[in-house]
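In what follows, a single structure is set out as C-alpha cells and then discussed.
Throughout, a chain's letter reflects where its sequence line sits, starting with A, and its residues are numbered from 1. Keep in mind it's a predicted model, so treat the numbers as computed, not measured.
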Amino acid sequence: AQTVTQSQPEMSVQEAETVTLSCTYDTSESDYYLFWYKQPPSRQMILVIRQEAYKQQNATENRFSVNFQKAAKSFSLKISDSQLGDAAMYFCAYNTGANSKLTFGKGITLSVRP
Amino acid sequence: DTGVSQDPRHKITKRGQNVTFRCDPISEHNRLYWYRQTLGQGPEFLTYFQNEAQLEKSRLLSDRFSAERPKGSFSTLEIQRTEQGDSAMYLCASSLGTGPGQQAFFGQGTRLTVV
C-alpha cells in the first residue's frame with residue numbers, strides 16, 4: 001500500500017525567512033507523481049507544486065521548490081522569502097495509475113511570524 | 001468559470017437522518033473525486049467518476065454511502081442513517097484528462113456535523 005508520512009505537525013517561520021517542510025512516501029511503483037497542496041483556513045485546497053518521479057530535476061514555482069530524493073523516497077518543500085499569506089496547512093500527496101486518486105499525508109500547519 | 005463549488009457549505013443533522021451533498025465540477029472536467037477529511041488528518045479518497053461512470057470506491061464507502069454523477073456533470077453524495085462517526089469535511093475535486101499527474105481542483109468542502 002502507498003503511504004505518505006509528514007512527521008512534523010506544526011512549523012513556524014519568520015516572515016521573509018526560508019522554511020522546509022518534510023515528507024516521505026512509500027511505494028513500489030516506478031512511475032508516479034508527487035504534489036504539495038496548500039489549504040488556507042476555511043478555503044479550498046490549491047496545488048502548490050508537482051513533481052514527476054521520472055524527472056530528476058527538482059520542480060520550482062516562484063518561491064516554492066522541492067528537494068526530490070527518489071532513492072530515499074523523500075519529497076520536501078522549501079518556501080523562500082516566506083509571506084504572511086503562506087500560513088496554511090500543507091499536504092504532501094502522491095498518485096499513480098489510471099485513476100489519479102491522491103493519497104495524502106496528515107499535513108503540517110505552517111505559521112508565519114510577522 | 002468559478003471553479004469547483006459544493007453545496008451546502010455546512011450541514012448539521014441528527015443521527016439517523018439522511019443527508020445529500022452536491023458538487024459542481026469545473027465544466028469541462030471529465031473526472032470527479034470525493035474525499036473525506038477529519039480533524040487533524042489529510043483527505044482520504046472515497047470514490048471517483050470518469051464522466052458518468054463510477055470507476056472506483058474506497059472501502060471507507062460503506063453501504064450507507066452512495067454517489068452519483070448523472071450525465072457526467074454535477075455529482076451528489078448521499079449518506080443514509082448518519083452516524084456520529086460520519087462527522088467530517090467532505091471534499092470534491094475535479095480534473096481534466098486521463099492518467100496520473102493531472103492537477104486536481106478542489107471545492108471548499110461541505111462540513112457535516114452529526115449530533
Side-chain angles (χ1 to χ4, degrees), chain A residues 1-10 21-25 27 29-55 59 61 68 75 77 88-109, chain B residues 1-7 9-10 23-26 29-51 53-61 67 88-111:
Chain A
Q2 293 101 16
T3 58
V4 178
T5 302
Q6 295 179 254
S7 56
Q8 307 154 305
E10 296 178 354
L21 311 182
S22 301
C23 172
T24 59
Y25 60 94
T27 182
E29 302 286 339
S30 58
D31 187 19
Y32 51 89
Y33 290 77
L34 296 162
F35 306 81
W36 279 97
Y37 277 88
K38 172 185 178 182
Q39 188 176 41
S42 301
R43 296 182 63 186
Q44 66 256 59
M45 200 172 307
I46 57 173
L47 178 67
V48 174
I49 199 165
R50 170 177 46 193
Q51 175 79 41
E52 300 169 74
Y54 65 87
K55 287 190 175 179
E61 289 287 344
F68 174 46
F75 182 62
L77 174 70
M89 279 205 76
Y90 287 82
F91 292 95
C92 179
Y94 158 103
N95 82 8
T96 187
N99 61 22
S100 290
K101 68 182 181 184
L102 290 161
T103 299
F104 287 89
K106 287 188 175 182
I108 179 171
T109 300
Chain B
D1 190 7
T2 57
V4 179
S5 62
Q6 292 188 244
D7 184 70
R9 293 285 309 280
H10 303 273
C23 171
D24 287 272
I26 294 172
H29 283 187
N30 57 331
R31 291 191 162 191
L32 186 147
Y33 302 82
W34 285 99
Y35 292 86
R36 181 170 71 186
Q37 185 178 19
T38 54
L39 199 61
Q41 302 293 321
E44 295 175 293
F45 169 78
L46 292 179
T47 188
Y48 103 100
F49 294 83
Q50 182 156 309
N51 301 311
Q54 187 176 18
L55 296 186
E56 185 172 343
K57 294 193 291 186
S58 163
R59 58 179 175 77
L60 294 175
L61 215 63
M89 176 76 85
Y90 290 83
L91 297 172
C92 177
S94 69
S95 66
L96 179 65
T98 59
Q102 310 304 323
Q103 180 178 352
F105 293 81
F106 284 81
Q108 289 186 284
T110 295
R111 182 169 296 284

Pairs of heavy atoms under 4.5 Å with chain B: top-ranked of A/Asp31, A/Leu34, A/Ile46, A/Leu102
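Between A/Asp31, A/Leu34, A/Ile46, A/Leu102, the count favours A/Leu102.
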Under 4.5 Å, counting heavy-atom pairs only, tell me which of A/Met89, A/Met45, A/Arg43 racks up the most with chain B.
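Among A/Met89, A/Met45, A/Arg43, the one with the most close pairs to chain B is A/Met45.
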Test ring-ring contact (aromatic ring centres under 6.0 Å, His included) on A/Tyr25 and A/Tyr32; report intermediate values, then the result.
CA-CA 11 Å; A/Tyr25 60 94; A/Tyr32 51 89; 5.4 Å; yes
Given a strict heavy-atom distance threshold of 4.5 Å, which part of B/Tyr35 is in contact with chain A: side chain, backbone, both, or neither?
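Interface part for B/Tyr35: side chain.
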Measure B/Gln103 against the heavy atoms of chain A and call it side chain, backbone, both or neither at under 4.5 Å.
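Both backbone and side chain.
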For B/Val4 and B/Ile26, run side chain to side chain contact (heavy atoms under 4.5 Å, CB included): C-alpha distance rounded to whole Å, both residues' side-chain angles, the deciding distance at 0.1 Å, then the answer.
CA-CA 5 Å; B/Val4 179; B/Ile26 294 172; 4.1 Å; yes
Could you grab the distance from atom CD1 of A/Ile108 to atom CG of A/Leu21, nearest 0.5 Å is fine?
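So the gap between those two atoms works out to 5.0 Å.
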Gap separating the CD1 atom of A/Ile49 from the CZ atom of A/Phe75, nearest 0.5 angstrom
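Between atom CD1 of A/Ile49 and atom CZ of A/Phe75 there are 6.5 Å.
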Pick whichever of B/Ala93, B/Pro43, B/Gly109 has the most heavy-atom pairs under 4.5 Å with chain A.
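Greatest number of close heavy-atom pairs with chain A: B/Pro43.
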Could you check which of B/Arg31, B/Arg111, B/Gln50 has the highest count of heavy-atom pairs closer than 4.5 Å to chain A?
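The option with the most such pairs is B/Arg31.
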Ring centroid separation for B/Phe106 and A/Tyr37, is it under 6.0 angstrom?
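Yes, they do, as the ring centres are separated by less than 6.0 Å.
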Short question: side chain of A/Gln6, backbone of A/Gly107 - any donor-acceptor pair under 3.5 Å?
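At least one qualifying donor-acceptor pair exists.
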Heavy-atom distances under 4.5 Å only: say whether A/Ser42 touches chain B with side chain, backbone, both or neither.
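The backbone, not the side chain.
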